[in-house]
Colleague: 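A single structure is presented below for examination.
What's counted below: heavy atoms across the whole structure, side chains too, no hydrogens, waters or symmetry copies. When a ligand or atom number is given, it counts from 1 through the structure's own listing order.
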Amino acid sequence: MELRVDRERCIGAGMCVLTAPGVFDQDAEDGRVVPLDRIPAPEREAAVREAAEVCPSGAITIVSRD
Ligand code: SF4
């Protein structure tokens with residue numbers, strides 16, 4: 001799995017950080033998403049999929065699946 005985030009779409013809601021805290025963080029200044037791990041380990045994939053589903057702005061895209 002590889003993920004992409006669109007910081008222009010991100011509205012800083014923070015749902016991704018709550019759902020997959022090791023994979024996403026938020027910028028300290030503007031609150032927008034900061035990807036920490038673009039190729040998450042298999043044990044994190046379920047949380048990443050959930051984060052993409054709950055993101056209110058559709059800013060998280062899963063671009064490949066193993
Ligand atoms: S859940 Fe979506 S809108 Fe909220 S911080 Fe994460 S990427 Fe941005």
Colleague: Given C10, A20, A51, which has its nearest heavy atom closest to atom 8 (Fe) of ligand 1?
Modeller: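 Among C10, A20, A51, the closest heavy atom to atom 8 (Fe) of ligand 1 belongs to C10.
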
Colleague: Counting each atom of ligand 1 from 1 as listed, which ones have a heavy atom of C55 under 4.0 Å away?
Modeller: 1 (S), 2 (Fe), 3 (S), 7 (S)

Colleague: Compare all side-chain heavy atoms of T19 with those of V48 and state whether any distance is below 4.5 angstrom.
Modeller: no

Colleague: Given G31, G58, A59, G14, which one has a non-hydrogen atom that is nearest to atom 4 (Fe) of ligand 1?
Modeller: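 Among G31, G58, A59, G14, the closest heavy atom to atom 4 (Fe) of ligand 1 belongs to G14.
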
Colleague: Report the distance from atom CD1 of I60 to atom CZ of F24, rounding to the nearest 0.5 Å.
Modeller: 4.0 Å

Colleague: Compare every heavy atom of C10 with every heavy atom of S57, then report the nearest pair and how far apart it is.
Modeller: OG-CA, 3.7 Å

Colleague: Only heavy atoms of A13, strictly under 4.0 Å: list the atoms of ligand 1 that pass.
Modeller: 3 (S), 4 (Fe), 5 (S)

Colleague: Within a distance under 4.0 Å of any heavy atom of V33, pick out the atoms of ligand 1 and give their elements.
Modeller: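 Selected atoms, number and element: 7 (S).
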
Colleague: As an exercise, identify every atom of ligand 1 less than 4.0 angstrom from a heavy atom of C16.
Modeller: 1 (S), 5 (S), 6 (Fe), 7 (S)

Colleague: What heavy-atom pair brings M1 and P40 nearest, and what distance separates the two atoms?
Modeller: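 Shortest heavy-atom separation between M1 and P40 comes out as O-CD, 3.7 Å.
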
Colleague: Minimum heavy-atom separation for V34 to Q26, with atom names?
Modeller: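 So the minimum-distance heavy-atom pair works out to CG2-C, 4.0 Å.
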
Colleague: If you look at every heavy atom in A41 and D37, which pair is closest and at what distance?
Modeller: N-OD2, 4.2 Å

Colleague: Of all the heavy atoms in V5, does at least one lie under 4.0 Å from an atom in ligand 1?
Modeller: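 The answer is no: ligand 1 sits nowhere under 4.0 Å from a heavy atom of V5.
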
